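As the structure is a computational prediction, the values presented were derived from the model and not from experiment. Here is how names work: the chains are called A, B, and so on, in the same order as the sequence lines, proteins then strands, and each is numbered from 1.
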Amino acid sequence: DAGITQSPRHKVTETGTPVTLRCHQTENHRYMYWYRQDPGHGLRLIHYSYGVKDTDKGEVSDGYSVSRSKTEDFLLTLESATSSQTSVYFCAISESPGWQLNTEAFFGQGTRLTVV
Amino acid sequence: QKEVEQDPGPLSVPEGAIVSLNCTYSNSAFQYFMWYRQYSRKGPELLMYTYSSGNKEDGRFTAQVDKSSKYISLFIRDSQPSDSATYLCAMWGSGAGSYQLTFGKGTKLSVIP
């Protein structure tokens, strides 16, 4: 199994509070991604990183920010959590840009976030 | 219209049946096509990938791409209870967004012993 650890695995938080999710990898892969998965929507990209301090927005980035100060860590922050951000969050890593043949993306186990 | 359409199911089949899972897409820039399998409360894992049109076989699994129809399929032969999972199609192309995989919503499959 690829070395990806997401923390926490479960979290319940109150509306309006900031929340930070952490993705830690031991594979030294350059590319890291944050997705959210919701019933009826599937997996949607929030933000991604193509190197230390290099990040960009995905499809559903509003209300989220990210930081990557080290190759191995990619943090996702909900500045002020809302109930619409209740979801399962997945981190993914890949070695190469894009999704080329023989380049696999590895997903973490997910973080279940509930905003009450 | 979403770029990738996938019937969410659920799909329930008896053990040993042939399963057909499908996705349609609208973006002709997609070149790489993947199938991910996701067990309950786990992250997705890559099952198969293909480039452009054609078939690819791996054991009981066959992935098929028809770019002219913008249609991809995953066939599972001799289905087993351990195949019970959600199957997500995913695709990417260099002209469709450099770092983004586009996923279908997933089809939940149950194989009944």
Side-chain angles (χ1 to χ4, degrees), chain A residues 1-6 9-10 21 23 25 29-51 54-61 66 68 74 88-112, chain B residues 1-10 21 23-25 27 29-54 56 58 63 65 72 85-108:
Chain A
D1 288 348
I4 308 174
T5 304
Q6 289 186 232
R9 292 292 313 279
H10 303 270
L21 308 182
C23 178
Q25 60 145 329
H29 284 356
R30 180 178 173 187
Y31 300 87
M32 299 185 75
Y33 312 81
W34 276 108
Y35 287 88
R36 61 178 289 176
Q37 187 174 38
D38 305 286
H41 290 279
L43 277 165
R44 293 181 291 174
L45 183 66
I46 305 171
H47 281 280
Y48 61 94
S49 170
Y50 47 96
D54 293 322
T55 65
D56 207 347
K57 296 178 180 180
E59 179 186 356
V60 289
S61 59
V66 291
R68 191 166 177 204
F74 193 31
V88 181
Y89 291 85
F90 287 100
C91 173
I93 63 173
S94 68
E95 193 171 15
S96 300
W99 301 85
Q100 299 166 20
L101 211 60
N102 296 325
T103 297
E104 181 174 348
F106 299 94
F107 283 81
Q109 296 284 56
T111 294
R112 226 164 250 284
Chain B
Q1 182 193 6
K2 289 278 288 182
E3 279 194 301
V4 179
E5 299 282 355
Q6 183 177 10
D7 187 338
L21 305 167
C23 289
T24 60
Y25 64 95
N27 192 336
F30 289 139
Q31 301 166 284
Y32 297 93
F33 304 91
M34 283 142 271
W35 287 94
Y36 280 81
R37 178 174 61 194
Q38 185 176 21
Y39 291 114
S40 180
R41 297 186 176 265
K42 300 288 187 183
E45 55 181 350
L46 183 65
L47 189 60
M48 294 188 72
Y49 59 80
T50 54
Y51 171 69
S52 195
S53 286
K56 184 174 182 178
D58 184 3
V65 175
I72 69 170
T86 296
Y87 291 81
L88 301 145
C89 64
M91 46 198 80
W92 174 78
S94 58
S98 297
Y99 302 112
Q100 295 198 31
L101 265 183
T102 301
F103 283 89
K105 294 179 183 178
T107 299
K108 187 171 183 179

Between B/Pro44 and the options A/Phe106, A/Phe107, A/Tyr35, the side-chain contact (heavy atoms from CB on, under 4.5 Å) test singles out A/Phe107
N/O donor-acceptor pair under 3.5 Å between B/Lys105 side chain and A/His41 backbone:
no
- Query: Hey, are the side chains of B/Leu88 and A/Gln37 touching, using non-hydrogen atoms and a 4.5 Å cut-off?
  - Reply: yes
Self-check item: Side-chain heavy atoms of A/Gln109 within contact of B/Arg41, under 4.5 Å
Solution: no
If you tally heavy-atom pairs under 4.5 Å between each of B/Glu45, B/Lys42, B/Gln6 and chain A, the highest tally belongs to B/Lys42
Handout entry: pair A/Phe90-B/Gln38: side-chain heavy atoms closer than 4.5 Å
Key = yes
